Amino acid sequence: MWMALATTIFTTMVAVASSAASTVTFVFGDSLTEVGNNNYLSYSLARSNYPWYGVDYDGGRATGRFTNGRTIGDIISKKLGIPSPPPYLSLAQNDDALLKGVNYASGGAGILNDTGLYFIQRMSFDDQIQNFNKTREVIKAKIGAEAAAKLCSEAIYFIGLGSNDYVNNYLQPFLADSQQYTYDEFVELLIGTLEGQLKRLYQLGARKMVFHGLGPLGCIPSQRVKSKTGQCLKRVNEWVVEFNSKVQKLIASLNRQLPQAKLSFADTYGDVYDLIQNPTAYGFKVSNTSCCKVDTDIGGLCLPNSKLCPNRKDYVFWDAFHPSDAANAVLADKLFSRLFSPIPSSAPTPTPAPSP
């Protein structure tokens with residue numbers, strides 16, 4: 001069953017790649033995929049529209065991306081031969097650009113609405129889905145209901161959320177969720193909420209949805225500093241592996257329940273873990289700390305008065321949470337190959353998942 005499902009999904013993705021010029025993509029996510037929405041939220045504390053962010057982006061300017069250069073989404077868009085979708089909040093309500101794809105991602109966002117509460121303003125997954133519905137209504141008004149339904153059903157929906165539900169929610173001992181729920185209760189809350197959200201997108205016309213699984217959060221700099229030895233936090237990684245496993249099962253269930261649904265799970269945990277554990281194999285030198293010398297006691301972002309490393313391409317991480325442009329390039333290559341390359345007719349035996 002898994003093999004048949006994978007074949008269907010990959011065949012669809014390859015077909016999309018072959019007609020990339022007409023591909024429409026809608027992006028939902030957090031700071032890993034944001035391209036500037038939070039710049040338009042006046043009171044948001046989850047913003048990166050200042051130096052040294054964007055120092056390696058075109059023009060060397062900060063755009064609201066939480067890295068020194070490109071996001072994984074930027075790189076995949078270029079590989080598809082399409083522009084990276086613009087931030088939703090940068091567009092006029094009736095902008096024709098809405099027909100070509102939109103990025104709704106917002107730094108600090110989570111699956112749960114109370115995730116990232118201390119950032120004051122951010123757009124949760126529910127908020128992003130509401131904004132997509134507004135986009136859908138505009139598209140219907142512009143090209144008619146039938147053409148709009150076709151556009152929405154043929155578009156690709158990239159979804160990457162969940163990191164903040166851990167890093168900026170459950171792993172913060174002073175927040176309510178960490179005190180109110182056991183871990184088993186919390187992960188079931190996440191999965192139950194996500195199920196409703198994916199069904200909502202389906203009801204709005206989405207069919208080809210790619211959910212980007214979580215990486216080893218226990219190995220990001222903001223978490224490693226909590227270890228006396230500076231190592232990855234094993235328990236956090238175990239939680240992430242469990243979350244990813246439950247999402248995969250959810251996606252398989254939704255594909256059985258929902259007619260014409262083509263949901264897929266992009267599992268990059270192993271790729272990110274290998275990059276962190278074996279940085280020299282990919283041309284990096286440092287993976288246990290960030291290029292930008294950040295203060296994790298005041299958020300872990302790269303502030304204008306922060307000091308940068310001598311060679312940004314040597315570092316896997318840009319700040320305490322986010323990969324560098326060079327790391328994003330490596331991970332985007334792997335993800336693109338997984339999503340848009342045909343799989344062999346006789347698949348090899350899968351290798352065991354890496355140890356958390």
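Just so it is clear, the structure is predicted and the values come from calculations on it, not from any experiment.
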Original post:
Under the 3.5 angstrom rule, does the side chain of Tyr157 hit a backbone N or O of Cys152 as a donor-acceptor pair?
Top reply: yes
Original post:
side-chain contact (heavy atoms from CB on, under 4.5 Å) with Asp184: which residues, sequence neighbours excluded?
Top reply: Thr182, Glu242
**OP:** Mark yes or no for whether Trp52, through its side chain, and Cys302, through its backbone, hold a donor-acceptor pair below 3.5 Å.
**Re:** no
Subject >> Spacing of Asp74 atom CG and Thr71 atom OG1 [to the nearest 0.5 Å] >> reply: 3.5 Å
Subject >> Polar side-chain atom of Arg200 near backbone of Ile129 as donor-acceptor pair, under 3.5 Å >> reply: no
Subject >> Which residues share a side-chain contact (heavy atoms from CB on, under 4.5 Å) with Ser90, sequence neighbours left out >> reply: Tyr40, Pro86, Pro87
Original post:
Heavy-atom distance under 4.5 Å between the side chains of Leu201 and Phe28, does that happen here?
Top reply: yes
**OP:** Using a 4.5 Å cut-off on heavy atoms from C-beta on, say whether the side chain of Gln277 contacts that of Pro216.
**Re:** no
Original post:
Okay, side chain of Asn244, backbone of Gly213: is any donor-acceptor separation there less than 3.5 Å?
Top reply: no
Original post:
Within the side chain of Asn68, is there an N or O that forms a donor-acceptor pair under 3.5 Å with the backbone of Ser324?
Top reply: no
Subject >> Partners meeting ring-ring contact (aromatic ring centres under 6.0 Å, His included) with Trp239 (sequence neighbours left out) >> reply: Tyr170, Tyr183
Original post:
Are Tyr269 and Val240 side-chain neighbours, meaning at least one heavy-atom pair lies under 4.5 Å?
Top reply: yes
Subject >> More than 12 heavy atoms of other groups within 6.0 Å of Gln179 CD >> reply: yes
Original post:
Who else is in the cluster with Tyr57 when I, L, V, M, F, W and Y are joined by side-chain contacts under 4.5 Å?
Top reply: none
Subject >> Polar side-chain atom of Thr193 near backbone of Leu189 as donor-acceptor pair, under 3.5 Å >> reply: yes
Original post:
What do the steps show when you test Asn288 against Val286 for side chain to side chain contact (heavy atoms under 4.5 Å, CB included), and what is the final call?
Top reply: CA-CA 6 Å; Asn288 63 340; Val286 184; 3.5 Å; yes
Subject >> Stepwise side chain to side chain contact (heavy atoms under 4.5 Å, CB included) test for Arg70 and Asn328 >> reply: CA-CA 7 Å; Arg70 303 159 296 170; Asn328 280 337; 5.9 Å; no
Subject >> Contacts of Lys334 that satisfy salt bridge (Lys or Arg N to Asp or Glu O under 4.0 Å) - sequence neighbours left out >> reply: none
**OP:** Can you establish whether the number of heavy atoms outside Lys142 located under 6.0 Å from its atom NZ is more than 12?
**Re:** yes
Subject >> Arg61: side-chain contact (heavy atoms from CB on, under 4.5 Å) partners, not counting sequence neighbours >> reply: Thr63
**OP:** Drop me the distance from Asp30's CG to His212's NE2, to the nearest 0.5 angstrom.
**Re:** 10.5 Å
Donor-acceptor list for residues 115-124 side chains, cut-off 3.5 Å, not counting sequence neighbours:
residue	atom	partner	partner atom	Å
Thr115	OG1	Asp165	OD1	2.6
Thr115	OG1	Asn169	ND2	2.8
Tyr118	OH	Asn168	OD1	2.6
Gln121	OE1	Ser42	N	3.3
Gln121	OE1	Tyr43	N	2.6
Gln121	OE1	Ser44	N	3.4
Arg122	NE	Thr115	O	3.0
Arg122	NE	Gly116	O	3.1
Arg122	NH2	Asn113	O	2.7
Arg122	NH2	Thr115	O	3.1
Ser124	OG	Asn113	OD1	2.8
Ser124	OG	Asp126	N	3.4
Ser124	OG	Asp127	N	3.3
Ser124	OG	Asp127	OD2	3.2

Original post:
Hey, does Ile159 have a side-chain heavy atom less than 4.5 Å from the side chain of Leu198?
Top reply: yes
**OP:** Under the salt bridge (Lys or Arg N to Asp or Glu O under 4.0 Å) rule, collect the residues that match up with Asp114, sequence neighbours excluded.
**Re:** none
Subject >> Contacts of Arg207 that satisfy salt bridge (Lys or Arg N to Asp or Glu O under 4.0 Å) - sequence neighbours left out >> reply: none
**OP:** Report yes if some heavy atom in the side chain of Asn103 is under 4.5 Å from a heavy atom in the side chain of Ser84; otherwise report no.
**Re:** no
Subject >> Residue that, paired with Tyr282, satisfies side-chain contact (heavy atoms from CB on, under 4.5 Å) out of Asp274, Leu331, Asp271 >> reply: Asp274
Subject >> Partners passing salt bridge (Lys or Arg N to Asp or Glu O under 4.0 Å) against Lys246 (at least two apart in sequence or in another chain) >> reply: Glu188
Subject >> Ring geometry between Phe211 and Phe265 (parallel below 30°, tilted from 30 to 60°, perpendicular above 60°) >> reply: parallel
Subject >> Validation row: Leu41, Arg47 side chains within 4.5 angstrom (heavy atoms) >> reply: no
**OP:** Please report the C-alpha distance between Glu146 and Lys150 in whole Å, then the side-chain angles of each, then the deciding distance to 0.1 Å, and finally whether the salt bridge (charged side-chain N to carboxylate O under 4.0 Å, His left out) criterion is met.
**Re:** CA-CA 6 Å; Glu146 185 176 343; Lys150 185 175 187 293; over 6 Å; no
Can you list, pair by pair, the side-chain donor-acceptor contacts under 3.5 Å of residues 314-323, counting residues two or more places apart and other chains?
residue	atom	partner	partner atom	Å
Asp319	OD1	Phe321	N	2.9
Asp319	OD1	His322	N	2.7
Asp319	OD1	His322	ND1	2.9
Asp319	OD2	Tyr53	OH	2.6
Asp319	OD2	His322	ND1	2.9
His322	NE2	Ser31	OG	2.6

**OP:** Would you indicate whether Lys226, at its atom NZ, is surrounded by more than 12 heavy atoms from other residues, nucleotides or ligands within a distance under 6.0 Å?
**Re:** yes
Original post:
How far does OG of Ser287 sit from CD1 of Ile220, to the nearest 0.5 angstrom?
Top reply: 13.0 Å
Original post:
Do Leu175 and Asp177 have side-chain heavy atoms sitting under 4.5 Å apart?
Top reply: no
Original post:
Nearest 0.5 Å, what's the OH-CG distance between Tyr88 and Asn37?
Top reply: 9.5 Å
Original post:
Regarding Gln257 and Ser253, is there a side-chain donor-to-acceptor distance under 3.5 Å anywhere?
Top reply: yes
**OP:** Run the numbers on Arg312 and Asp325 for salt bridge (charged side-chain N to carboxylate O under 4.0 Å, His left out), then give the verdict.
**Re:** CA-CA 9 Å; Arg312 295 185 285 278; Asp325 175 270; over 6 Å; no
Subject >> Ser227 (side chain) donor-acceptor with Gln223 (main chain) under 3.5 angstrom >> reply: no
**OP:** Assess whether atom NZ of Lys293 is packed by more than 12 heavy atoms of other residues, nucleotides or ligands within 6.0 Å.
**Re:** yes
Subject >> Under 3.5 Å donor-acceptor, Thr25 side chain and Ile156 backbone >> reply: no
Original post:
About how many Å separate NZ of Lys307 and SG of Cys292, when rounded to the nearest 0.5 Å?
Top reply: 11.5 Å
Subject >> Residues which pass disulfide bond (SG atoms under 2.5 Å apart) with Cys309, listed by chain and number, not counting sequence neighbours >> reply: Cys291
Original post:
Which value, rounded to the nearest 0.5 Å, describes the distance between Leu112 atom CG and Phe125 atom CZ?
Top reply: 12.0 Å
Original post:
Can you find a heavy atom in the side chain of Val236 that is under 4.5 Å from one in the side chain of Tyr166?
Top reply: no
Original post:
Linking I/L/V/M/F/W/Y whenever their side-chain heavy atoms sit closer than 4.5 Å, directly or via other members, would Ile191 and Met209 fall into one cluster?
Top reply: yes
